[in-house]
Amino acid sequence: MKINELLDSYTILLNPKAKKKFDLIREMVSLLADRDLLRSPKKVLADVIDREKEKGTGLEQGVAVPHCRSEGTEKPAAAFALAPEGIDFGALDGRPSRFVFLLVSPKNATTAHVQALATMVRILKQPDVQAALIRAKTPEEAAKTLAEVKV
Amino acid sequence: MKVIIVGAGEVGFHIAGHLADQGHDIAVVERNPEKHRVLREKVNALLVLGNGSSAATLEEAGVTNADLFIAVTNQDEVNLVACLLAREYKVPRIIARVKTLEYIRGDGKLNAEKLGIDMFINSDAVVAEEICKIAGHPAASEMAEFAAGEVLFIGLQVSSLNPVAGVTLAELGEIWGIYRLVVVAIARGDKTIIPRGEDVIQAGDTIYYVCKRSDLSSIDYLFGLEKKEAKNVFILGGGRVGYLVARELAQNGSHVKVIDRNPNQCRLIASDLDNVLILNTDATDVDTLENEGIRDGDVFIAVTEDDQANILFSLLAKQRGVRRAIALVNHPVLLNLAPSLGVDACISPRLATAGEIIRYVRKGEVLSLAMVERSGAEVAEFIVPSSGRIVRKPLRELDFPSGAIIGAVVRGEEVLIPGGGDHLEPGDHAVVFSLPGSINQVEKFFS
């Protein structure tokens, strides 16, 4: 699974309205729903939130990767949000997350699901990628940045 | 330490090998010359031909200056008499294996205390406890607890549907902040390795990992394991193990059905356990099993005295829809075969008993201990000494024995699942996995 096959400018949010974790997840899921990528956005939202309640998906260096395997989608779908002020995703270092990647995979997803999460974390925690994303003026620029990162 | 072991069956053989490898001075008393031949090839021990209930034989084995006496023949009477003799010789620590459940019940007429024996060990009770532990998890094939139950060590067979099949350890490391586990070993075929970042978890592997109990359900999610309790349980075989498992699981709220074709056995259980349903039938009686809801069964536990029946009927039950099957298997060859056939977990009474005895023997050296049956590896909880050599240095810079890895660190009330940047402090408890060749080095490391 290549990141640029999952993410395009239409599923990137540079200035989300949400200030709280679950609001942001809702906003990102509806972005996927608007693109008609999900069979049941409602089910996907419930599954991401359930998973998030199990344990927060915040990681160090301001990255968070909310995710789930869900019957609400037939294909993997992903969104990215840059939250300039950061949102608490329960990271181990206690810092808020600014770079949020959402991945939803079908219920029976296997290797590729975990690999896509790992790859995205590896990309997003790089300081120069973070700087470039913050500089990006448009979703297109952010998408380009992410597509060009060497992993 | 000078150790005398009476009885060189599977249990005695296993204990002798393990303790000899750790440098203890072992004498084995066995009356069957055939068993001496095998022992001589495989274990570095003094072999004494004779009966353990004879004082002369025990003297020949060196009972007068023994530190530990372990009687593990197949016969309670021999074990008890041998231990009574050892008591007369003032051996400081004495362990007897007993088969009769009466002896280990608190209200029994004779018990270990009255006989001056330090520990009675009953294989059936040990096995039943082990089965109940793993029956509670959706997929574990092995499970042990550390740090008063806050830290878990789990063995899990990776199916092709497991999302981590095909993933490298380095990839898992990226999402470690969410799924905090340390994969301490991977068993593939008959090899067990301590994995590095570039190693890939493959379908068919058994992975061994350490995690906090409180993180268990999030880690189960990572592995694609459904949240399911052992609600509907079928037990094949109403013998002693079956009885103990049925009693424990029924007490914990499971619906337990015991299958046994022997009407007397059924009556015995029925008279003692009123919250358990007894099916007096044969395990081949598929119609009855279907009517009793085998299709919705969560766990099928096969604990007859026949290894082959246990394996076969486990497979039959799985074919009929049971989610998970656990089988009691004695024979070492079948023990290695069964997991590859699709039995989810196998318990060996002999290895479990030997493990329990070794755990007891090593109390004092380590806080708690689990043995991995397949590889002879150990997981042990050590106290970190106050010397400066190993403390306050990042783990990745420690000169740690290569066949071992730290899975968890307990600091006061807090449990850490460590990454390479974490360090040890004096007084910490470290939960350490060691391959057989590194156990001694790890002990030195913490001494």
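Because the structure is a prediction, the values reported are computed rather than measured. Proteins come first, then strands; the chains are lettered A, B, ... in the order of their sequence lines, and each starts at number 1.
A pairwise comparison of heavy atoms in B:Pro163 and A:Ala109 identifies CG-O, 3.9 Å as the closest pair.
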Please tabulate, one pair per line, the donor and acceptor atoms of chain B and chain A that lie under 3.5 Å from each other, or say none if there are none.
from	atom 1	to	atom 2	distance (Å)
A:Arg51	NH1	B:Tyr179	OH	2.8
A:Glu54	OE1	B:Lys227	NZ	3.0
A:Glu54	OE2	B:Ser217	OG	2.4
A:Lys55	NZ	B:Asp215	OD1	2.6
A:His67	NE2	B:Tyr179	OH	2.6
A:Arg69	N	B:Tyr221	OH	2.8
A:Arg69	NH1	B:Tyr221	O	3.2
A:Arg69	NH2	B:Tyr221	O	2.5
A:Thr111	OG1	B:Ala165	O	2.5
A:Gln115	NE2	B:Gly166	O	3.3
A:Arg122	NE	B:Glu174	OE2	2.9
A:Lys125	NZ	B:Glu174	OE1	2.8

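Of all the listed residues (A:Leu117, A:Val65, A:Val121), the one sharing the greatest number of non-hydrogen pairs under 4.5 Å with chain B is A:Val121. Contact count against chain B (heavy-atom pairs under 4.5 Å) is highest for A:Ala118 among A:Gly56, A:Ala118, A:Ala64.
For B:Leu222, the parts lying near chain A are the backbone and the side chain together; criterion is any non-hydrogen pair under 4.5 Å.
Under the side chain to side chain donor-acceptor pair (under 3.5 Å) criterion, A:Arg35 pairs with no residue at all, not counting sequence neighbours.
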